Every structure is written in C-alpha cells, then in structure tokens.
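Quick note: numbers below take in every heavy atom, side chains included, and nothing from hydrogens, waters or symmetry partners. Note that the structure is predicted; figures quoted are calculated from it, not measured.
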Amino acid sequence: MDQEFTDNSFIVKKLTKEMKLLQQQLDLLQKELASIQQQCRHIFWETSGFRKCRKCGLTESTYF
C-alpha cells in the first residue's frame with residue numbers, strides 16, 4: 001500500500017507566481033484607493049459607532 005508520488009512542483013511554482021502578481025495588483029489598488037480617499041471631499045453617513053463616506057467609502061471609528 002505504497003502511496004504514489006506526484007510531482008506538484010510545477011503547479012506550486014505557477015501558483016506562487018500568480019500570488020505574487022495578485023499581491024502586486026492589490027498593492028497598486030490599495031495605493032489608488034488611498035489616493036482617492038485623500039482627495040475626496042467627504043460626505044459622511046454616520047451611525048453610533050462609525051462614519052462612512054458616501055463617495056469614497058472611507059470609514060472612521062467614532063469611539064474615542
């Protein structure tokens with residue numbers, strides 16, 4: 001009852017490469033979002049615990 005050996009190294013390399021590309025895309029999108037939020041003239045929707053901009057989605061806690 002020996003287990004068969006399967007070489008998944010190609011798949012692992014492919015997935016690792018794809019993850020790196022996706023992380024780079026995520027980093028770029030986060031920078032773009034931060035830039036939009038910094039330049040926005042916020043119109044906040046407020047609740048008892050937080051407020052959220054209706055235009056850019058910036059969320060801030062109101063628990064101080």
Taking every heavy atom of T47 against every heavy atom of T62, the minimum-distance pair comes out as O-OG1, 4.2 Å
Side chain to side chain contact (heavy atoms under 4.5 Å, CB included) partner of T16, the single match among E18, K20, K13 = K20
Under 3.5 Å: donor-acceptor pair, side chain of T6, backbone of N8 | no
For side chain to side chain contact (heavy atoms under 4.5 Å, CB included), just list the numbers for Q23 and D27, CA-CA rounded to whole Å, side-chain angles, deciding distance to a tenth of an Å, and then say yes or no.
-> CA-CA 6 Å; Q23 186 62 51; D27 292 343; 3.0 Å; yes
Between CD1 on residue I36 and SG on residue C53, distance to nearest 0.5 Å = 11.0 Å
How many angstroms lie between atom CD of Q24 and atom CG of L22, to the nearest 0.5 angstrom?
-> 9.5 Å
Pairwise distance CG(L26) to CG(L21) - rounded to 0.5 angstrom | 12.5 Å
Kindly compute the distance separating NE2 (H42) from CD (E60), expressed to the nearest 0.5 Å.
-> 6.5 Å
Give the intermediate values and the outcome of side chain to side chain contact (heavy atoms under 4.5 Å, CB included) for residues I11 and L15.
-> CA-CA 6 Å; I11 295 170; L15 291 173; 3.8 Å; yes
Would a distance-only check, ignoring hydrogens and angles, find a side-chain to backbone donor-acceptor pair under 3.5 Å from K55 to C40?
-> no
Can you see which heavy atom on F50 is nearest to which on T59, and at what distance?
-> CD1-CG2, 3.9 Å
To the nearest 0.5 Å, tell me how far L58 CG sits from K52 NZ.
-> 10.0 Å
